[in-house]
Protein chains: 2
Amino acid sequence: MPTLRLALAQVNPTVGDLAGNAAVVRRSARAAADAGAHLVAFPELALTGYPVEDLVFRASFVKASRHALRALAGDLAADGLGELPVVVGYLDSDGPPSFSAEAQPDRGPRNALAVLHGGRVAATYFKHHLPNYGVFDEDRYFAPGDTLTVVRLGGVDVALTICEDLWQAGGPFAVARRAGVGLVVSINASPYELNKDDVRLPLVRRRAAEANAAIAYVNMVGGQDELVFEGDSMIVSADGTLLTRGPQFVEHLLVHDVELPAADPDRPAADPGEETAPDGMRVVRVPITETAPGPAGPAAVGGTVEPVDQEAEVWRALTLGLRDYVDKNRFPSVILGLSGGIDSALVAALAVDALGPDRVVAVAMPSQHSSEHSKSDAADLAKRTGLDFRTEPIQPMVDTFLANMSLSGVAVENLQARVRGVILMALSNQEGHLVLTTGNKTELAVGYSTLYGDSVGGFNPIKDVWKSLVWKLARWRNEDAARRGETPPIPENSISKPPSAELSPGQLDTDTLPDYTVLDQILVGYVDGDSGREDLIAAGHDPEVVDRVLRMVDTAEYKRRQSAPGTKISIKAFGRDRRLPITNRWREHGV
Amino acid sequence: MPTLRLALAQVNPTVGDLAGNAAVVRRSARAAADAGAHLVAFPELALTGYPVEDLVFRASFVKASRHALRALAGDLAADGLGELPVVVGYLDSDGPPSFSAEAQPDRGPRNALAVLHGGRVAATYFKHHLPNYGVFDEDRYFAPGDTLTVVRLGGVDVALTICEDLWQAGGPFAVARRAGVGLVVSINASPYELNKDDVRLPLVRRRAAEANAAIAYVNMVGGQDELVFEGDSMIVSADGTLLTRGPQFVEHLLVHDVELPAADPDRPAADPGEETAPDGMRVVRVPITETAPGPAGPAAVGGTVEPVDQEAEVWRALTLGLRDYVDKNRFPSVILGLSGGIDSALVAALAVDALGPDRVVAVAMPSQHSSEHSKSDAADLAKRTGLDFRTEPIQPMVDTFLANMSLSGVAVENLQARVRGVILMALSNQEGHLVLTTGNKTELAVGYSTLYGDSVGGFNPIKDVWKSLVWKLARWRNEDAARRGETPPIPENSISKPPSAELSPGQLDTDTLPDYTVLDQILVGYVDGDSGREDLIAAGHDPEVVDRVLRMVDTAEYKRRQSAPGTKISIKAFGRDRRLPITNRWREHGV
């Protein structure tokens, strides 16, 4: 059996940056060649970044992607890497989009993959299964491919697949079995979700069994607006053994030797289009290198990274999502309001971990309702983390509004939050910082925030983090610091005190909201799980509380529609993942 | 040949209001029966409203829709309307959604239609073609139906179809021809777009030819978040003759007698499932009433409404979209800032037309940079329209911010806009008005607005109106008033003066932006048409101007992501219609 040295390049491309992404591919291909790899694979749409959304409809962009692919093939050869087969995702098209008057069946933009070899595009494959649920809209963009590409590489037949192909039974992996391949390469841009890594390995194993072949799975790394990609690349043998597994949330080149069955000598290396298979897919065979490689010196062993705690995993997801939003959009620094409460404290700690204290500005904006501990807790966090800390009292501005307008009740509460929003935006305009907003998922769900007030900001690092998890993350981060002998960044008092918006005298969150433990359970059911009122009551919740919570969620849709993006970490994040009408009279309790 | 009296009920349902929508159906069915109709048809998803978006995934909502349908069948019979066949759209399901672990091929939620007759659900049909482009996400939601339902009704074979089925050749209409039907009923929720009515009639004619049958086309009316439905229901004979056409933008019951071929006596009225056809569709036949109706007294003639001017049409679309957003969300009134400029003047006039002057509050918020004409033009509009007019000078608040913070340049300009935003939101919180924001599509495209300043608001009536069209609409509205001997609502000076944000001394829009005529042409190409830089230059635009405009559009994506919803009137509106990444380094000019 030939042994192939496979290199999986879990890289961090940037959407739209064709030149930059091509440079990333060239660098990693060089590293793979230096490691003696016989094949290097890059993630889905690595050349364009993922997802490119409606850029698919820009003919100029499609053309640029195709051009960049050909240029990359030439540049790799010029770099002396022409002999290394490079698998890379790119955007292709063989027809106008489906909504066009000129649309043709089975043609259109393609979520594509190419094998670059010998200075040219040696083979291509078009993604067959297109995800169109959750955050995915691929039926909007792509025509599905109906041909499985099998390349003969180092004497082994290798099938090529893209992301969602892996998640469905009976598709390309079943065809790959019929085609008798020894290896399936799966290139991915699979967004992070809590516990998804626990799903991924069993899934890869099931597909390995279905294809009766080893699987080389490479996934993207990095943040893109609401998504963060975690890497977690791996190789699994045909019998389901995990051979090697890369780390999460960092760029990594995973290089590992895999013994693979030699191609059946009775099957030709090239036989375009003669085989058909279930699901209507054809098989196209393309020879790249027909003979098995000789011995490559000492064995390459990729190793296996052990999974980390849930809190550690989320922390890394959130810091990567934040850092990439800031850096890919070229912001020098971030600014946020620091109230002394747990949400802004957590975001400050995340920002410092993501960007370093020199790129984080925190502003305390006390009012007459601010407690002494709020001011001291904010200052304490600043001291612990070393971020740039300032104080801008809001009372003079609030008083001027109140002297010129006749306001009372909630209008006065919201006014204070909005004056703070104006201050943060003024500092952003003056000094160039990106404003971070700090509302957690619970707050967004029930609308417990002031639109254009505390919701002001270009990015929300904890948008998809339930309040219960906010506390857990804060405790974990402090304990982790203690374990490493470092200063815990978050003041204990910010974690332990009862939460308050401090917009009126003695105000507490619990004046308006149920206990957060109960609230989060109801919200997880209603928001993440699409449970109805009866399901929630059957699960043991008080009907009156359920009705109150559901009403709050339903009527806050307009606020969420104008909310800043933030990193998705749950099965259903607010944003593209959950699309509800604002105008909506459906009420679970029937009123 | 039997003559059937067809009633097309272009009604205005509300998303989620199952009880209210059922009541609408009962009222219109009564009116249809009173008019002697043999069939009344309601729009797509009339029972649930359209689009219900992710409510599809709420099992409790699907269950409620199915329950409401059965209850409606019974209530119609109890109303003495059991003999009138009622075609109505509703949400059904015969399996979990496609992303579920329990998903089954060819099963799932259904965009469905029922024929209610004799107190029960006599027949159903599931939409076959699912639109998944533009604002539509129906592949996300629905499993496509693969069976064409043909009912025998008054001795005529009638095929039933839903919306997108009409827009694609070779689907249910081709099957209907093979099934030998005399009439195809097409129920729709087809959102308004400029000039779409010009497309619709030729489309219906093409399908009539394809089916070799008359088509009864009924479309929804009303606003739903970013969409407005226009009605424009019609009946076209098999030979393409337009028999009757209803009005746009109002509820209407279109009743018309149509002579239709009797069902082929050799074809049974009931033969479930035995016929298959191209596209894999089966045909199911259901008898409702087998004998042709007797003479029904004087002929019913629906008449034909003539199309109106483009400006009149847009005006009606915008007022309906605004009124329904306000009323369906139960706001008592709206509030907006009135600057004396054309955008806010137009929105004020639209709001007064939509809601009446008693429900519109306009606030002048002059600063030290406000010109005399701004103040007098705003007051003039108030006098012309009779709306509630107030003045809240912003200088005291602006001065307090400036005294407490060190700001300059754009930060000071934006501060003024944000103080205005705070004032409007404070009045909204205090008095319960919905805040209208007044940025036109050109402004949104290039980001010429202050986030959380003039962009503050829950709804933007002119979000999809290019600046050039803003002026045209204002002139049209004034001329229309003059034609009717009424006071033109918009001060001439607001239309004719050069636009200015008035945030710094002597500031004009043209300091920052190209001439609006040129700008709008470039934007229509880039935004609506997905043209690239080279296309725009080939169309005769100055490369330097093109580059400047494209850069502005690209970098304003983050502002648009947080913008208020507004009525779609163009082929591509900002919002769900155009989905672009914020983090996006693709630049047409290659930097």
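Naming convention: chains lettered A, B, ... in sequence-line order (proteins, then strands); numbering from 1 in each chain.
Looking at T14(B), the atoms closer than 4.5 Å to chain A (heavy atoms on both sides) all sit in the side chain, from C-beta outward. When heavy atoms are compared at a cutoff of 4.5 Å, D577(A) approaches chain B solely by way of its backbone atoms N, CA, C and O. Heavy-atom distances place no part of T450(B) under 4.5 Å from chain A, backbone and side chain included. Contact of V419(B) with chain A is made through backbone and side chain together, with heavy-atom distances under 4.5 Å. For L407(A), the parts lying near chain B are the backbone and the side chain together; criterion is any non-hydrogen pair under 4.5 Å. Contact of P97(A) with chain B is not made at all, since no heavy-atom distance falls under 4.5 Å. Proximity to chain A is absent for every atom of T555(B), based on heavy atoms less than 4.5 angstrom apart. With a threshold of 4.5 angstrom between heavy atoms, L580(B) approaches chain A through its backbone and through its side chain. In this structure, the portions of Q430(A) lying under 4.5 Å from any heavy atom of chain B include both its backbone and its side chain. For P131(B), no part lies under 4.5 angstrom from a heavy atom of chain A. At a 4.5 Å heavy-atom cutoff, N21(B) makes no contact with chain A through either its backbone or its side chain. Looking at L55(B), the atoms closer than 4.5 Å to chain A (heavy atoms on both sides) sit in the backbone and in the side chain alike. Residue contact with chain B, scored on non-hydrogen atoms closer than 4.5 Å, involves the backbone of S531(A) exclusively. In this structure, chain A has heavy atoms under 4.5 Å from both the backbone and the side chain of A564(B). Contact of I394(A) with chain B is not made at all, since no heavy-atom distance falls under 4.5 Å.
Ranked by heavy-atom pairs under 4.5 Å with chain B, the first of P51(A), G223(A), G457(A), G409(A) is G457(A). No other option in K559(B), E413(B), E392(B), M405(B) has as many heavy-atom pairs under 4.5 Å with chain A as M405(B). Per-residue counts of heavy-atom pairs under 4.5 Å with chain B were compared for L415(A), D17(A), L427(A), V456(A); the largest is that of V456(A). Note: P396(A) leads P396(A), S428(A), G532(A) in heavy-atom pairs under 4.5 Å with chain B. Ranked by heavy-atom pairs under 4.5 Å with chain B, the list R330(A), E534(A), K63(A) is led by R330(A). Most heavy-atom pairs under 4.5 Å with chain B, from the set Y325(A), W167(A), Y558(A): that is Y325(A). Between chain B and the options G134(A), P393(A), S98(A), heavy-atom pairs under 4.5 Å are most frequent for G134(A).
Counting heavy atoms from C-beta on, the side chains of P581(B) and Q224(A) come closer than 4.5 Å. When side chains are defined from C-beta on, V52(A) does not count as touching W586(B), because their heavy atoms never get closer than 4.5 Å. Counting heavy atoms from C-beta on, the side chains of R561(A) and D225(B) come closer than 4.5 Å. Using a 4.5 Å cut-off on side-chain heavy atoms (C-beta onward), R578(A) and F57(B) make no contact. In this structure, the side chains of Q395(A) and N404(B) stay at 4.5 Å or more apart for every pair of heavy atoms. I423(A) places a side-chain heavy atom less than 4.5 Å from the side chain of F401(B). Looking only at side-chain heavy atoms (C-beta outward), T583(A) and V15(B) stay at 4.5 Å or farther from each other. Annotation: side chain of R418(B) is not in contact with side chain of Y452(A) (no heavy-atom distance under 4.5 Å).
The nearest pair of heavy atoms linking R579(A) to E53(B) is O-CB, 3.1 Å. Here the shortest heavy-atom pairing between A411(A) and A426(B) reads CB-O, 4.0 Å.
For the atom pair CZ (R585(A)) and OG1 (T48(B)), the distance works out to 14.5 Å, reported to the nearest 0.5 Å. Here OG of S100(A) is found 11.0 Å from CG of D530(B). Values are rounded to the nearest 0.5 Å. Here I582(B) contributes atom CD1 and F459(A) contributes atom CZ; the two are 9.0 Å apart, rounded to the nearest 0.5 Å. Here CD of Q562(B) is found 7.5 Å from OG of S455(A). Values are rounded to the nearest 0.5 Å. Between the OH atom of Y141(A) and the OH atom of Y133(B) there is a distance of 15.0 Å, given to the nearest 0.5 Å. The CE atom of M425(A) sits 5.0 Å away from atom CG of L451(B), with the distance rounded to the nearest 0.5 Å.
Side chains of S60(A) and E588(B): a donor on one and an acceptor on the other come within 3.5 Å. Judged by distance alone, the side chains of N429(B) and N414(A) do bring a donor and an acceptor atom under 3.5 Å apart.
Annotation for L203(B): atom CG counts as buried by contact number, over 12 foreign heavy atoms lying within 6.0 Å.
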